[in-house]
Student: 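One structure follows; several queries about it will come next.
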Amino acid sequence: MLTKRIIPCLDIKDGRTVKGVNFENIRDAGDPIELGALYAQQGADELVFLDITATNERRKTLSELVRSIARHVNIPFTVGGGISSVEDVSVLLQNGADKISVNTSAFKRPELVDELAREFGSQCVVLAIDTRFEDGDWYVYLNGGRVKTDVKCYDWAKEAVSRGAGEILLTSMNNDGTKQGFALDITGKLSQNLNVPVIASGGAGTMEHFMDVFENAQADAALAASIFHYKEIEIPELKTYLYQKGVNIRF
């Protein structure tokens with residue numbers, strides 16, 4: 001039986017870790033390399049770094065950042081943000097990233113998922129989906145949650161997995177930053193119907209929320225940002241709590 005994973009997420013803007021609520025009101029949360037190393041030391045299973053800086057220089061700066069992270073962090077990490085080609089991914093993996101995450105670029109050109117899976121293997125390809133519940137269903141949003149599509153979250157996830165995505169990183173925009181708990185319904189639908197791991201994201205506020213998403217939605221991993229950055233929940237305590245509740249966790 002696979003252990004459930006705890007994954008801190010670091011959103012990076014201009015080289016700094018930032019965090020917002022419902023994708024807005026961004027504030028500084030520290031140095032990403034220092035934070036990443038601290039989380040690794042505390043027992044995080046993996047890390048996700050998402051570069052939300054939109055500049056032409058980004059590829060060079062992102063690869064430099066990845067190289068620094070790889071030097072200081074001894075657990076697997078995923079990098080995302082503006083990745084749109086085999087070449088982009090190649091540079092990041094060569095600099096030490098374990099996996100990459102694609103979002104808008106894959107939605108706009110789904111063949112990208114096939115190309116990346118073929119070139120690097122499905123285990124490297126994480127499909128990130130930002131989704132919002134409205135009009136009775138969960139819909140895909142693009143461009144950091146700014147652009148609505150008329151495609152349902154489950155349909156896109158299913159297609160991406162059939163094209164070779166090895167993991168789904170699912171962020172509920174309704175829950176993001178609210179600390180009211182993860183979106184159990186859509187997370188559960190994906191976890192229970194797709195044959196790849198699903199990482200739940202958006203809404204973690206208490207240790208019970210992690211318990212809920214593992215037990216009730218059967219997520220494979222749970223991702224959070226601000227509660228870790230601002231030390232509202234510490235990873236060692238969270239893992240002890242989950243272990244005591246019978247969740248299969250790595251110490």
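Computation of the quantities below employed the complete heavy-atom set of this structure, encompassing side-chain atoms and omitting hydrogens, waters and symmetry-equivalent molecules.
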Student: Are any side-chain N or O atoms of S162 and backbone N or O atoms of E159, one a donor and one an acceptor, separated by less than 3.5 Å?
Tutor: yes
Student: Mind checking the CD1-CZ spacing from I186 to R132? Nearest 0.5 Å is all I need.
Tutor: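 Those atoms lie 14.5 Å apart.
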Student: In terms of hydrophobic clusters joined by side-chain contacts under 4.5 Å, are L50 and V147 together?
Tutor: no
Student: Could you tell me which non-hydrogen atom of V126 sits nearest to which non-hydrogen atom of T78, and how far apart they are?
Tutor: CG2-CG2, 4.1 Å
Student: Among residues at least two apart in sequence or on other chains, which ones pass side-chain contact (heavy atoms from CB on, under 4.5 Å) with S68?
Tutor: I33, R71
Student: Rounded to the nearest 0.5 Å, what separates atom CD in E167 from atom CD1 in I199?
Tutor: 4.0 Å
Student: Hey, quick one: are L35 and L223 part of the same hydrophobic cluster, counting side-chain heavy atoms closer than 4.5 Å, chains of contacts allowed?
Tutor: no
Student: For D220 and V198, indicate whether the former's side chain and the latter's backbone hold a donor-acceptor pair under 3.5 Å.
Tutor: yes
Student: Flag yes if M211 and I235 sit in one hydrophobic cluster, no otherwise; membership is Ile, Leu, Val, Met, Phe, Trp, Tyr, and two members link when side-chain heavy atoms are under 4.5 Å apart.
Tutor: yes
Student: Flag the pair P197 / R5 as yes when at least one side-chain heavy-atom distance between them is below 4.5 Å, and no otherwise.
Tutor: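 Of all side-chain heavy-atom pairs linking R5 with P197, at least one is under 4.5 Å.
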Student: Give the C-alpha distance, both sets of side-chain angles, the deciding distance and a yes or no for side-chain contact (heavy atoms from CB on, under 4.5 Å) between C153 and L170.
Tutor: CA-CA 9 Å; C153 173; L170 180 71; 3.5 Å; yes
Student: Is there a path from Y154 to V140 through hydrophobic residues (I, L, V, M, F, W, Y) whose side chains come within less than 4.5 Å of each other?
Tutor: yes
Student: Just verifying a value: how many Å separate S101 OG and L92 CG, rounded to the nearest 0.5 Å?
Tutor: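 Reported to 0.5 Å precision, the distance equals 11.0 Å.
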Student: Considering non-hydrogen atoms only, spot the tightest contact between S63 and N95 and give its length.
Tutor: CB-ND2, 3.5 Å
Student: Quick one: does V48's side chain get under 4.5 Å of L10's, heavy atoms only?
Tutor: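 With C-beta onward as the side chain, the pair stays apart.
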Student: Indicate whether the side chain of T206 and that of E208 have a donor and an acceptor atom separated by less than 3.5 Å.
Tutor: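 A pair is found: one side chain offers a donor N or O, the other an acceptor, under 3.5 Å apart.
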Student: How close do T178 and N174 get, counting heavy atoms only, and between which atoms?
Tutor: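 So the two residues come closest at CG2-O, 3.6 Å.
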Student: Check whether any side-chain heavy atom of F120 sits under 4.5 Å from a side-chain heavy atom of S90, and report yes or no.
Tutor: yes
Student: Any side-chain heavy-atom pair from N175 and Q180 closer than 4.5 angstrom?
Tutor: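 Side chain of N175 against side chain of Q180, heavy atoms only: no contact under 4.5 Å found.
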Student: So does G164 get a backbone contact from the side chain of S122, meaning a donor-acceptor N/O pair under 3.5 Å?
Tutor: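 Yes: the side chain of S122 pairs with the backbone of G164.
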Student: Is K239 close to I6 at the side-chain level, that is, under 4.5 Å between some pair of heavy atoms?
Tutor: yes
Student: So, the side chain of R250 versus the backbone of A44: is there a donor-acceptor pair under 3.5 Å, distance only?
Tutor: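 Yes, the answer is positive, given that a donor and an acceptor are paired below the 3.5 Å cut-off.
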Student: Determine whether F107 and V151 satisfy the following criterion, side-chain contact (heavy atoms from CB on, under 4.5 Å), listing intermediate values before the conclusion.
Tutor: CA-CA 10 Å; F107 185 90; V151 174; 3.6 Å; yes
Student: Are any of the side-chain heavy atoms of H229 and Y39 separated by less than 4.5 Å?
Tutor: yes
Student: Going by the rule ring pair (Phe, Tyr, Trp, His ring centres under 6.0 Å), which residues pair with F77 if we only count those two or more places apart in sequence or in a different chain?
Tutor: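 If we apply the ring pair (Phe, Tyr, Trp, His ring centres under 6.0 Å) test to F77, skipping adjacent residues, the hits are F49.
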Student: For a quick test of reading the model, state the closest non-hydrogen atom pair linking F182 to H209 and the distance between them.
Tutor: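 Of all heavy-atom pairs spanning F182 and H209, the closest is CD1-O, 3.5 Å.
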Student: How close do V213 and A200 get, counting heavy atoms only, and between which atoms?
Tutor: CG2-CB, 3.6 Å
Student: In the structure I gave you, are the side-chain heavy atoms of D185 and W138 within less than 4.5 Å of one another anywhere?
Tutor: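 Of all side-chain heavy-atom pairs linking W138 with D185, at least one is under 4.5 Å.
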Student: What pair of heavy atoms forms the shortest contact from L112 to S105, and how long is it?
Tutor: CD2-OG, 3.5 Å
Student: How is the hydrophobic cluster of L38 composed, in terms of its other members, when Ile, Leu, Val, Met, Phe, Trp and Tyr link through side-chain heavy atoms under 4.5 Å apart, directly or indirectly?
Tutor: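 For L38, no cluster forms, as it stays isolated from other hydrophobic side chains.
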Student: Roughly how far, to the nearest 0.5 Å, is the NZ atom of K189 from the NZ atom of K152?
Tutor: 7.5 Å
Student: Report yes or no: does N143 contribute a side-chain atom to a donor-acceptor pair with the main-chain N or O of R146 at less than 3.5 Å?
Tutor: no
Student: Evaluate the side-chain contact (heavy atoms from CB on, under 4.5 Å) criterion for residues L238 and M207: first the C-alpha distance (whole Å), next the side-chain angles of each, then the deciding distance (0.1 Å), finally the verdict.
Tutor: CA-CA 6 Å; L238 174 59; M207 298 199 205; 3.9 Å; yes
Student: Looking at K245, I'd like to know if its NZ atom is crowded, meaning that more than 12 non-hydrogen atoms belonging to other residues, nucleotides or ligands lie closer than 6.0 Å.
Tutor: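 Atom NZ in K245 is not crowded, with 12 or fewer foreign heavy atoms closer than 6.0 Å.
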Student: Kindly indicate whether the side chain of I233, heavy atoms from C-beta on, has any atom under 4.5 Å from the side chain of F228.
Tutor: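 They are in side-chain contact.
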